[in-house]
Amino acid sequence: MLFQIFSGKKIILAGREGRMATKVGNMEKMYRSAAFGLALLGSTAAAYAQENYEVWHYYAAGSERAGMDAMIEIGNAASEDTKFTSVVIPGNVVELRRQLQTAFLGGRPPALYQSSMAFELKTFADGGQLHPLSDVWAAIDGDAIFPEGVQRVVKVDGVPYGVPFDLSLINNVFYNKEAFEKAGVEIPTDWDSFTAACDALREAGYQPLGNAGGTFWSLYNFYAALVSVIGEEGYYQMARGELGFDSPEFSEALDLYRDRMVSCYAQNWSGKTWTQTADDVVNGDTGMFMMGIWVAAYMEQAGFAAGEGFDMFQAPGTVGKAIFQMDVLAVPEGPGVDAANMFIEAVTTPEGQAAFAVPKGSLAPNINVDPSVYGYAGATFSRQFADASAANAVLPNLFFLLPTDLGTEFGVQIERFAIDPSDSVKAELIATLEGLRQEALAENAFIQW
Amino acid sequence: MAFKSRMSRTDWTHIAFLALPTLLFLVFYVYPVISSIHLSLHDWDGFSPRMRFIGLTNYTVLAGQPRFLHAVLNNILWVGFMLIVPTGLGLLLAAILDRGIRGEKAFRIIFFLPFTIPAVAVAAIWRWMYEPDNGLVTTVLNLLGLGGLSQNWLGDPAVVNLSLMGAVAWWTTGFAFLVFFAGLRNIPTECIEAARIEGATPWQVFWKVSFPLLWPSTIIVLGMSAIDAMRLFDVVWAMTKGGPAYSSEVLATQMYDLAFGRFDMGRAAAVAVYLFIIAGIIIMPYIVYMSRRVQDSEAE
């Protein structure tokens with residue numbers, strides 16, 4: 001239509017004089033170009049009718065990125081009119097928070113983002129930034145498809161603010177099978193056999209137990225000692241601020257950790273990243289490594305097969321229990337809420353959950369995911385989690401149950417104690433953490449998980 | 001009206017040209033500083049709609065925290081290090097190359113190349129180099145029969161700062177080198193020749209003639225080094241995140257941890273204000289002194 005109008009104008013102009021014809025010919029080219037440009041613009045506008053929404057996360061590479069891409073593909077398949085784009089925020093949860101804050105201030109948050117569980121969700125929900133997910137939770141029957149222990153840490157005052165997609169156990173010890181065979185070590189089942197395994201590995205020329213520098217890893221190791229002493233109920237008491245860091249039980253847990261685990265740690269552990277320590281296990285330098293189950297995917301990617309090169313057992317004190325770390329999808333208030341709900345419905349199906357968990361090497365939080373989708377390692381973790389759920393012994397990562405400042409300081413202080421397990425450092429650790437607990441109590445900051 | 005009549009067209013032109021930079025300065029410098037001071041007087045998590053006024057509490061709490069004082073001390077150590085090591089090494093390399101050795105161009109590129117690498121990439125490289133058992137640094141020491149000197153480079157609180165400084169020296173020496181080298185090349189040859197004719201040794205020529213004439217370059221290098229030391233963040237964050245257990249923490253990384261790791265924007269802003277004041281105390285007298293020296297030397 002547009003071109004016809006321009007063409008008509010050309011005919012009128014062409015009737016005047018010959019020289020004008022050339023000029024008009026040029027104008028025709030111009031009009032054609034303009035028409036083409038406008039048509040292109042129109043088609044682009046049509047393409048934009050397919051709405052674009054962003055999913056922010058920090059899974060930038062490897063198995064993590066593969067899992068995230070697969071999940072977003074499932075979300076995109078749910079509707080032809082809506083497109084979700086993966087946006088990687090380089091770094092970790094801290095960098096993501098920084099980016100989110102800027103987005104919230106600018107009023108342009110993503111449709112969904114990767115969030116930690118528990119206190120992280122509460123902070124954002126209390127700040128009025130998160131959309132309550134009650135409707136979509138009901139639509140996916142969240143109370144039925146997610147275990148009770150998982151549900152606890154995505155709800156704030158009974159309202160769900162996050163939907164789980166990435167669950168990892170953090171109470172497994174991975175071991176090099178050849179090292180165990182050469183050192184004549186049996187799989188440890190309690191603290192005594194664990195200590196004996198350390199001694200045997202050391203005598204055979206191996207570094208007994210790997211660890212890595214950073215706020216999380218020593219703390220995750222410490223949970224085994226903590227749960228051994230205070231049990232599941234004590235663990236939740238600590239999360240609720242009811243059990244003090246100056247209690248005899250906590251002191252006993254520190255001693256147990258020092259005597260049974262810190263004494264086993266590999267030389268120079270604090271100068272390594274978790275991937276470097278995993279490499280040490282793969283290379284046969286280190287016998288054991290207590291880490292989240294993502295390390296299994298990492299070692300398998302390095303060609304070290306689960307069940308053949310390495311295997312795993314639950315850390316002493318946590319046998320039959322599952323201590324887990326979980327990421328959820330959170331939905332900021334904004335125009336993307338409806339699209340986000342649609343995305344959530346798609347990715348919480350068994351297929352959607354498996355699409356992320358299998359390549360990433362984590363567990364699908366949805367209990368309806370068929371365990372046969374996992375390989376050897378995933379099937380083992382799935383069994384552990386199912387057993388722990390049945391025994392009501394599922395424990396969320398304490399780091400995220402505590403008020404953020406206290407949880408972070410907990411990690412820093414335990415790492416410091418693992419580097420220097422002296423009585424003076426122990427005393428400072430207790431005083432620091434207890435001081436923060438009292439502050440949090442005064443501010444009524446604890447949550448009754 | 002009297003004011004209007006006194007303003008010439010040239011004055012208005014000057015005002016027009018100054019308006020934009022002044023506006024930019026106010027919006028992007030003065031406003032953030034005032035905003036940070038305002039924020040530091042509040043308790044705010046960065047997300048809640050309301051901030052709670054708490055006066056100077058953030059400042060008093062920080063002043064009593066060993067963690068904060070340790071970060072201040074680390075920053076001061078970094079200032080000392082940056083003023084001496086990369087600057088001294090840069091001057092040394094520039095002086096060596098200025099003697100016209102063979103392959104000068106290649107060495108110029110090699111010395112400057114690390115400075116062109118982004119901080120995060122430098123951190124990634126050195127994180128690998130410093131792997132305590134199989135990293136390049138330990139491996140080379142072992143090959144040289146100096147295995148006893150190898151350390152838990154980034155995991156030992158007593159060593160980690162020195163390790164970080166090693167990486168930063170490798171990274172930033174190229175800048176000092178380039179500025180000094182350009183300065184040396186700009187020194188009039190007559191001065192050098194006159195000194196030589198008078199019988200000065202190469203050592204005397206350098207310290208009595210070349211080095212004093214390098215003052216403008218020295219000012220640039222020292223000033224930039226001191227500023228870099230005070231605002232140090234990226235390499236430390238990317239290599240150790242201030243750890244282990246705060247041992248390598250500087251004020252900028254502490255500020256970042258408080259703001260985004262612990263949702264404590266108010267206290268993070270107080271750290272920023274402290275950093276602003278400390279940087280002013282340390283750097284401003286130096287800049288004023290050096291500027292006067294430049295003016296004096298130019299007058300001479």
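In what follows, chains are A, B, ... by sequence order, proteins preceding strands, each numbered from 1. What you see is a predicted model, and the numbers here were worked out from it, not measured in a lab.
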**Asked** Which residues satisfy the side chain to side chain contact (heavy atoms under 4.5 Å, CB included) test with Val235(B), sequence neighbours excluded?
**Response** Ala119(B), Val168(B), Trp171(B), Met239(B)

**Prompt:** Taking the six-membered ring for Trp, are the ring centroids of Phe263(B) and Phe124(A) within less than 6.0 Å of each other?
**Reply:** yes

**Asked** When only pairs under 4.5 Å are counted, which of Val94(A), Leu105(A), Ile414(A) shares the most heavy-atom pairs with chain B?
**Response** Val94(A)

**Request:** Count the heavy atoms belonging to other residues, nucleotides or ligands that lie under 6.0 Å from CZ of Phe115(B), then report whether that count exceeds 12.
**Result:** yes

Which pairs of donor and acceptor atoms, one on a side chain in residues 76-88 of chain B, lie under 3.5 Å apart (sequence neighbours left out)?
residue	atom	partner	partner atom	Å
Thr87(B)	OG1	Met82(B)	O	3.1
Thr87(B)	OG1	Leu83(B)	O	3.2

**Message:** Tell me which pairs pass salt bridge (Lys or Arg N to Asp or Glu O under 4.0 Å) where either residue lies in residues 137-152 of chain B, with sequence neighbours left out.
**Reply:** none

**Top of Val412(A), Leu96(A), Leu406(A), Leu100(A) for chain B proximity - count of heavy-atom pairs under 4.5 angstrom** = Val412(A)

Which donor-acceptor pairs sit under 3.5 Å apart between chain B and chain A?
residue	atom	partner	partner atom	Å
Gly46(B)	O	Gln101(A)	NE2	2.8
Phe47(B)	O	Gln129(A)	NE2	3.1
Arg127(B)	NH2	Gly271(A)	O	3.4
Glu131(B)	OE2	Lys272(A)	NZ	2.6
Asp133(B)	OD1	Asn268(A)	ND2	3.0
Asp133(B)	OD2	Lys272(A)	NZ	2.8
Asn152(B)	OD1	Gly271(A)	N	3.2
Asn152(B)	ND2	Ser270(A)	OG	2.9
Gly155(B)	O	Ser270(A)	OG	2.7
Trp237(B)	NE1	Glu95(A)	OE2	2.9
Tyr246(B)	OH	Glu409(A)	OE1	2.4
Tyr246(B)	OH	Glu409(A)	OE2	3.2
Tyr256(B)	OH	Glu95(A)	OE2	3.3
Tyr256(B)	OH	Arg98(A)	NE	2.8
Phe260(B)	O	Arg97(A)	NH1	2.7
Gly261(B)	O	Arg97(A)	NH1	2.9
Arg262(B)	NH1	Asp405(A)	OD1	2.8
Arg262(B)	NH1	Glu409(A)	OE1	2.9
Arg262(B)	NH2	Glu409(A)	OE1	3.4

**Request:** Identify the two heavy atoms, one from Gly127(A) and one from Pro49(B), that lie closest to each other, and give their separation to 0.1 Å.
**Result:** O-CD, 3.6 Å

